Amino acid sequence: MIQLLAFYLFAALVIAAGAFTILARNPVHSVLWLIVAFFNAAGLMVIVGAEFIAMLLVIVYVGAVAVLFLFVVMMLDIDFAELRAGFIKNFPLGILIAVVLLAELVLGIGAYRAGALELGTPDGTGASLVGRSNIESIGALLYGRYLFLFETAGIILLVALIGAIVLTHRGARAVRGQQNVARQNARKPSEATVNTQPEVGQGVSL
Amino acid sequence: MDSVASLQLVIPEIVLSLAGLALLLVAAWAGDKASRAISVAACVALGAAFFLVAPSVCAGAAGPDTSAFFGQFRADAFAGFAKLMIFAASGAVLVIAPTYFERLGAMRAEFPVLVLFAALGMSVMVSATDLMTLYIGLELNSLSAYVLAAFLRSDSRSAEAGLKYFVLGALASGILLFGMSLTYGFAGTTSFAGIRASLDGGLSMGALFGLVFVLAGLAFKISAVPFHMWTPDVYEGAPTPVTAFFASAPKVAALALTARVSLDAFGTEVDAWRQIVIFAALASIVVGALGAIGQSNIKRLLAYSSINNVGFILIGLACATQAGASAMLVYLAIYVAMTIGSFVAVLMLKDENGAPLEAISDLAGLSRTRPALAWALMALMFSLAGIPPLFGFWGKFVVFQAAVEADLIVLAAIGIAASVIGAFYYIKIVKVMFFDEPAGTAHGKSDWAHWVLLAICAAAVSPLGYLLNQVLGSLADGAAATLFLTA
């Protein structure tokens, strides 16, 4: 009973927060509503017994992704009124694409239910450990069976990090806008200015 | 299987990753001043990995003993053969790169580290016997390659090459992942052996879609027609040593990977993928030959040449026989020597200020201004064209022989006819070098490392290469046999 109550509470809040994410006039409010939606989605995940995904939602989505969104929204000068105008103009197209996707989903699931699709059966190597929480099961798989892939994936992230630094880091000295006071003071008028007497209508060559 | 045995099989990869991590720390503390020392150390690490892999190739390692980490990784002779080529090509790139970047003041300590990680990714690719291993190796290699392509970040052409490669590479990865998810959905497993077993009864429509998408994603990585459009632009824009890298090591890795996916995971469905491979092979040969004719930039021309060569290698794959796979490996080995040699020769073309020359018109009269370079380049071009006394002919010969033995006579005939078209533009370069009036732009000296590499490559493709025939042939046969043993 209490589980059912919690489900409806979380589900209603997710949907409401999702709607406010789209409808809020201020983009910062949109991101804050998105965070509310993530928290409630995490609650839903706990109810279905996927506490690892619930933690991922809170740590990764709320902790990193949403904060990143917030930074982007606050730091970039995006004209949201203009974006919204485009939204209304393209609304029929969006609805059309949504309907097509829905039809594909219905057809796909229908075909699967009717037995037209023969999917393969999993070989059971990813089955969860008996009597353990699914965090323990995932950990056992990740650091046992898939250790090699896990570590190599770590190196991929390292390469992405190196790449970002190599392509953007400009070193300690600023490329422009640096003032050299000593050089400025050492300048003499004879080096900096020239006297010319140009012919009328000829101009000067600099 | 215990994890100690698994770890023993990945010792070359562990050496590469530890060396990469250690050199990254050195790069962080010592800065760009140490880039030459780091390049040397990276070469040593690649050499160590080379000699760690070599015994498994010589012994023809095969069977379940070579399988590590629950069938996700296989260190057999086939993977070993490809790894030898990958490590040798990566090492050659590290030798030629510092001079090029130092002249531009753009040598950075991260360059050798990125090459090391790319080599690690490629060696994971060729050993992959699981779709997840395949994807992780491919992404490790690709991510390093995107950064390397854009390494001259102040040069707009290099930045454009990096961006183009990144966007199209991401698209190809998406296509590949889509195909892999379909394959997983219909086979119920990601391991190649499991996919092979579950598809044995026949290919359902969904699994066929998966196969097609997987091959399309891989065709992008080997730049086979019709997924080749990025190649000339990226090869032209990327710094020349990086282009030499792209044209050699990743090609070997992606082709070996394609061979393993086709012959192992989809080994029972040869009829389903053979028509795709035959189409890609013929289209690559024809487009590579015709597209190169109008080019005036030698890097662009070599890009089309690599598309053309991929077509010939795919003929070996289309045979789906042991002889075909062996012919692929022999061709790849010769191709790596020809490609590295050609790009080293291009790097040695400089004007009096040391600025690199890339236009074919700058080659005019090279036989009189720099005769040694001209003769070496002539040998490489004739070899790429497949003119008989040179070793490049042997690669084409074994591939066509395998095709004829596999009853693909029409394919072989069209391939031979198209290789005659391809010979035109290689011979055109020789004509420009030997019979045109000197353009007088090519001057300067090259350092000894370039000469040594060029001499090795030129000697390998010269008729002296036939001395290697016995060794190369038997090693390739042994390597190809392991591919069919796992099947």
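Quick caveat, the model's predicted, so the values are computed rather than measured.
Heavy atoms closer than 4.5 Å to chain B are found in the side chain of A:Ile162, but not in its backbone. Only the side chain of A:Leu158 comes within less than 4.5 Å of a heavy atom of chain B; its backbone N, CA, C and O stay farther away. With a threshold of 4.5 angstrom between heavy atoms, B:Ser144 approaches chain A through its backbone and through its side chain. Interface remark: B:Ser198 contributes no atoms to any contact with chain A (heavy atom separation under 4.5 Å). At a 4.5 Å heavy-atom cutoff, the contact between B:Leu143 and chain A is made by backbone and side-chain atoms alike. Using a 4.5 Å cut-off between heavy atoms, B:Leu120 contacts chain A through its side chain alone, with no backbone atom that close. Both the backbone and the side chain of B:Phe186 come within contact range of chain A, with heavy atoms under 4.5 Å apart. Contact annotation for B:Ala187: only backbone heavy atoms (N, CA, C, O) come within less than 4.5 Å of a heavy atom of chain A. Interface remark: B:Tyr146 contributes no atoms to any contact with chain A (heavy atom separation under 4.5 Å). Residue B:Leu148: no heavy atom, backbone or side chain, is found under 4.5 Å from chain A.
Annotation: side chain of B:Leu131 is in contact with side chain of B:Ile195 (closest heavy-atom distance under 4.5 Å).
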Fill in: Derivation of the side-chain contact (heavy atoms from CB on, under 4.5 Å) call for A:Leu149 and B:Thr133
CA-CA 6 Å; A:Leu149 298 181; B:Thr133 322; 3.6 Å; yes
Fill in: Chi angles and distances behind the side-chain contact (heavy atoms from CB on, under 4.5 Å) call for B:Asp76, B:Arg260
CA-CA 12 Å; B:Asp76 57 7; B:Arg260 201 193 281 276; 3.1 Å; yes
Item to complete: Show the numbers, then the answer: is there a side-chain contact (heavy atoms from CB on, under 4.5 Å) between B:Leu25 and B:Leu21?
Response: CA-CA 7 Å; B:Leu25 288 180; B:Leu21 294 173; over 6 Å; no
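Counting heavy-atom pairs closer than 4.5 Å to chain A, the top residue among B:Met132, B:Glu13, B:Glu139 is B:Met132. Between chain B and the options A:Ile155, A:Thr168, A:Thr152, heavy-atom pairs under 4.5 Å are most frequent for A:Ile155. Contacts with chain A were tallied for B:Leu24, B:Leu114, B:Leu140; B:Leu140 has the most, counting heavy-atom pairs under 4.5 Å.
For the pair B:Ser67 (side chain) and B:Pro64 (backbone), a donor-acceptor distance under 3.5 Å is absent.
Between B:Phe69 and A:Phe148, the ring-plane angle classifies as parallel under the 30° and 60° cut-offs.
The nearest pair of heavy atoms linking B:Ser173 to B:Tyr135 is CB-OH, 3.9 Å. Listed here is the closest heavy atom pair of B:Phe101 and B:Pro241: CE1-CG, 4.4 Å.
The number of heavy atoms from other shown groups lying within 6.0 Å of OH (A:Tyr146) is above 12.
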